[in-house]
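Please read through the structure below; I'll follow up with questions.
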Amino acid sequence: DYILPGSVGKNTLVVLSSYSGTTEEVLHCAQLAKEKSALVTGFCVGGPLSEWFKKEGLPHHVFNEDSNPSKQPRMGFGYTFGSFLGILLALDLLRSESKDQLLAHVRQEISSISEVEKRFDVSVQT
């Protein structure tokens with residue numbers, strides 16, 4: 001949406017996510033988060049959001065979409081997931097496991113995707 005929750009303030013972490021970096025609502029919320037003195041970070045492939053982060057001197061991640069030849073955001077979920085996971089790890093907000101254990105678990109889950117595809121692929125008979 002074009003607004004942030006009323007509870008956003010100086011002790012709130014706002015994570016801005018726009019695959020292209022051009023999403024109007026995200027750009028508007030970026031400015032609102034700054035006005036509320038929130039802690040701000042985020043990720044995108046570039047565009048105005050990346051420029052805003054640079055101008056404001058805020059930590060952020062700009063990913064390279066080489067592994068997404070379609071350039072479609074819905075096909076770039078791994079970039080979004082990985083970027084958000086990286087932010088949480090960098091902020092040490094995942095306290096239930098060590099970083100190594102968490103990354104090993106993520107790798108294990110990713111490796112199981114091919115098994116899921118075999119069961120639910122469009123070529124599987126009903």
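Scope of the values below: all heavy atoms of this structure, side chains included, with no hydrogens, waters or symmetry mates. None of these values were measured; they are calculated from a predicted model.
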*Are the side chain of Ser112 and the backbone of Glu109 linked by a donor-acceptor contact shorter than 3.5 Å?*
yes
_Nearest 0.5 angstrom please: Leu49 CG to Ser18 OG, how far?_
6.0 Å
*Between Phe43 and Phe63, what is the ring plane arrangement, given parallel below 30°, perpendicular above 60°, and tilted in between?*
tilted
*Determine whether Val15 and Phe77 fall in the same hydrophobic cluster, where Ile, Leu, Val, Met, Phe, Trp and Tyr are linked whenever their side-chain heavy atoms lie under 4.5 Å apart.*
yes
*Do Gln31 and Leu27 come within less than 4.5 Å of each other through their side chains, counting heavy atoms only?*
no
_Would you say CD of Glu35 has more than 12 non-hydrogen atoms from neighbouring residues, nucleotides or ligands within 6.0 angstrom?_
yes
*Determine whether Leu91 and Val40 fall in the same hydrophobic cluster, where Ile, Leu, Val, Met, Phe, Trp and Tyr are linked whenever their side-chain heavy atoms lie under 4.5 Å apart.*
no
*Answer whether the closest heavy-atom distance between the side chains of Gln72 and Tyr19 falls below 4.5 Å.*
no
*Could you state whether Leu88 and Tyr79 fall into the same hydrophobic cluster, counting links through intermediate Ile, Leu, Val, Met, Phe, Trp or Tyr residues with side-chain heavy atoms under 4.5 angstrom apart?*
yes
*Kindly determine whether Tyr2 and Leu32 satisfy side-chain contact (heavy atoms from CB on, under 4.5 Å), including the steps that lead there.*
CA-CA 9 Å; Tyr2 285 86; Leu32 292 176; over 6 Å; no
*Working to the nearest 0.5 Å, report the span between CG of Leu13 and CD1 of Ile87.*
7.5 Å
_Donor-acceptor pair, distance only, cut-off 3.5 Å: does the side chain of Ser50 make one with the backbone of Gly47?_
no
*From His61 NE2 over to Ser17 OG, what is the distance, rounded to the nearest 0.5 angstrom?*
11.0 Å
*Could you grab the distance from atom NZ of Lys10 to atom NZ of Lys36, nearest 0.5 Å is fine?*
14.5 Å
*Looking only at heavy atoms, which two atoms of Ser20 and Thr22 are closest? And how far apart?*
OG-OG1, 2.6 Å
*Looking only at atom types and distance, does a side-chain atom of Thr41 sit under 3.5 Å from a main-chain N or O of Pro59, one as donor and one as acceptor?*
yes
*Can you get from Val26 to Phe84 by hopping between Ile, Leu, Val, Met, Phe, Trp and Tyr side chains that sit under 4.5 Å apart?*
no
*Minimum heavy-atom distance Ala38-Val8, with the two atoms named*: CB-CG1, 3.9 Å
*When clusters are formed by joining ILVMFWY residues with side-chain heavy atoms under 4.5 Å apart, either directly or through shared neighbours, do Leu16 and Leu39 land in the same one?*
no
_Using 0.5 Å steps for rounding, measure from the CD atom of Gln108 to the CG atom of Leu103._
13.0 Å
*At their closest point, which heavy atom of Pro48 faces which heavy atom of Gly21, and how far apart are they?*
CD-O, 3.1 Å
*Check Val62 against Gly46 and note the closest heavy-atom contact, atom names and distance.*
CG1-N, 4.1 Å
*With rounding to the nearest 0.5 Å, note down the distance linking NE2 in His60 to OG in Ser83.*
11.0 Å
